[in-house]
Each structure stands twice: as C-alpha cells, then as structure tokens.
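Basis for what follows: all heavy atoms, side chains included, without hydrogens, waters or symmetry-related copies.
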Amino acid sequence: MIPHERSLVEKWKDKPFVILGVNSDGTDTEEGLKKFREMAKEDGVTWRSFRDEGSTPRISETWRVQGWPTLYFLDHEGVIRHKDLRDDAEMEKALEAMIVAAEAAAKAPKAPAKPEPQKAGK
C-alpha cells in the first residue's frame, strides 16, 4: 500500500488531504522502532505515523481495529465517511469527493458569531 499512499500524498500535496499512519510493527522496543524508522525512510513514508504500542489505551483499541491494515477515511469535520476502501480507483474517487467538500467548506462564508446573552443587571 505504501507506493499508492506515496502517490496520493504527492497528488494532493497542495490540497486539504492528510494520511496518518498507526503502526503495530513491534515498535514497542527500541530495536523495533529503529527498524520501523529505517523501513519508513527506505519506502519514502513522509506522512506522520504513530505507534500503537506507544499509547494507552492503544489506538487500535480505541478505534476497535480488528485487523491490519484498517483504513478509515475521515472528512474535514472528523466524520468517518468510509472504512476499508481497498480498490485504488474507489479510494481515489471517495478521497476526491471529500477534498472537494473540504475546499467548498473552506470557501463558504462563515456564519457570524452569536452575541453573548446579557446577564440581568448589566
């Protein structure tokens, strides 16, 4: 998956798009973490990656991950829109739609802030 992920990062480098990785590759030891970092560098992984073993509770527990890899597609509001899209074309179609929505939301006029209600006696 890394070559495709790398191509997505390049394709949408100037768009509201981010890949975040969570790894469970034995990175709970210094040796395992060193190997992961070497592999990531060799494979051209430029996006942020977190250690599942380095968090309490584990990220995989919080997100109820049952197998690796599990893919979540979150929109600009943090809502999970898709899970485990594997086909490259389907994945890119879904991501493109989410990017278009994020760009539209960024350009939309912001609603004015509501004034704070006045308390009695002020």
Less than 4.5 Å apart, any side-chain heavy atom of Glu5 and any of Trp47?
yes
Can you name the residues that form a side chain to side chain donor-acceptor pair (under 3.5 Å) with Gln66, not counting sequence neighbours?
none
Residue Lys34 excluded, over 12 heavy atoms near NZ under 6.0 Å
no
Check the pair Lys41, Asp43 against salt bridge (charged side-chain N to carboxylate O under 4.0 Å, His left out), reporting the backbone distance first and the verdict last.
CA-CA 5 Å; Lys41 186 175 181 178; Asp43 288 342; over 6 Å; no
Using a 3.5 Å cut-off and no angle test, enumerate the donor-acceptor pairs between side-chain atoms of residues 74-81 and protein atoms at least two apart in sequence or in another chain.
from, atom 1, to, atom 2, distance (Å)
Asp75, OD1, Glu77, N, 2.8
Asp75, OD1, Gly78, N, 3.1
Asp75, OD1, Val79, N, 2.9
Asp75, OD2, Arg81, NE, 2.7
Asp75, OD2, Arg81, NH2, 2.8

Enter the distance from Leu95:CG to Met91:CE here, rounded to the nearest 0.5 Å.
7.0 Å
Return the CG to CZ distance between Leu20 and Phe50, rounded to the nearest 0.5 Å.
5.5 Å
Could you go step by step and tell me if Lys13 and Glu10 meet the salt bridge (charged side-chain N to carboxylate O under 4.0 Å, His left out) rule?
CA-CA 5 Å; Lys13 65 184 172 193; Glu10 179 59 28; 2.8 Å; yes
Scanning both residues in full, the closest heavy-atom pair of Val22 with Trp68 reads O-CZ3, 3.2 Å
Does CZ in Arg64 sit with more than 12 non-hydrogen atoms of other residues, nucleotides or ligands closer than 6.0 Å?
no
Can you see which heavy atom on Gly26 is nearest to which on Glu53, and at what distance?
N-OE2, 3.3 Å
What I'd like to find out is whether the side chain of Thr27 reaches to under 4.5 Å of the side chain of Arg37, using heavy atoms alone.
no
Calculate, to the nearest 0.5 Å, the distance between atoms CD and CG belonging to Glu92 and Asp88 respectively.
6.5 Å
Tell me whether Leu85 is reachable from Val65 by hopping between hydrophobic residues (I, L, V, M, F, W, Y) whose side-chain heavy atoms are closer than 4.5 Å.
no
Would you check if the side chain of Tyr72 reaches a backbone N or O of Asp84 as a donor-acceptor pair within less than 3.5 Å?
no
Closest non-hydrogen atom pair between Thr29 and Gly32, with its separation:
OG1-N, 2.9 Å
Show the numbers, then the answer: is there a side-chain contact (heavy atoms from CB on, under 4.5 Å) between Asn23 and Arg51?
CA-CA 5 Å; Asn23 299 287; Arg51 295 171 32 193; 5.9 Å; no
Trace of the side-chain contact (heavy atoms from CB on, under 4.5 Å) decision for Arg6 with Val45
CA-CA 7 Å; Arg6 214 176 29 245; Val45 174; over 6 Å; no
Met1 and Pro69 have their tightest heavy-atom pair at SD-CG, 3.6 Å
Separation between CG (Asp28) and CD (Glu31), nearest 0.5 Å, reads 12.0 Å
The criterion is side chain to side chain donor-acceptor pair (under 3.5 Å); which residues satisfy it with Lys35, sequence neighbours excluded?
none
Around Glu38, counting heavy atoms of other residues, nucleotides and ligands shown, do more than 12 lie under 6.0 Å from its CD?
yes
Quick one: CZ on Arg58 to OG1 on Thr56, what's the gap to the nearest 0.5 Å?
8.5 Å
Locate the shortest heavy-atom distance separating Ile99 from Phe17; write the atom from each residue and the value.
CD1-CB, 4.0 Å
Contact summary for Ser49 and Phe36, nearest pair of heavy atoms
CB-CZ, 3.9 Å
To the nearest 0.5 Å, tell me how far Lys93 NZ sits from Met98 CE.
14.0 Å
Tell me if a side-chain donor or acceptor on Asp52 pairs with a main-chain N or O of Ser60 at a distance below 3.5 Å.
yes
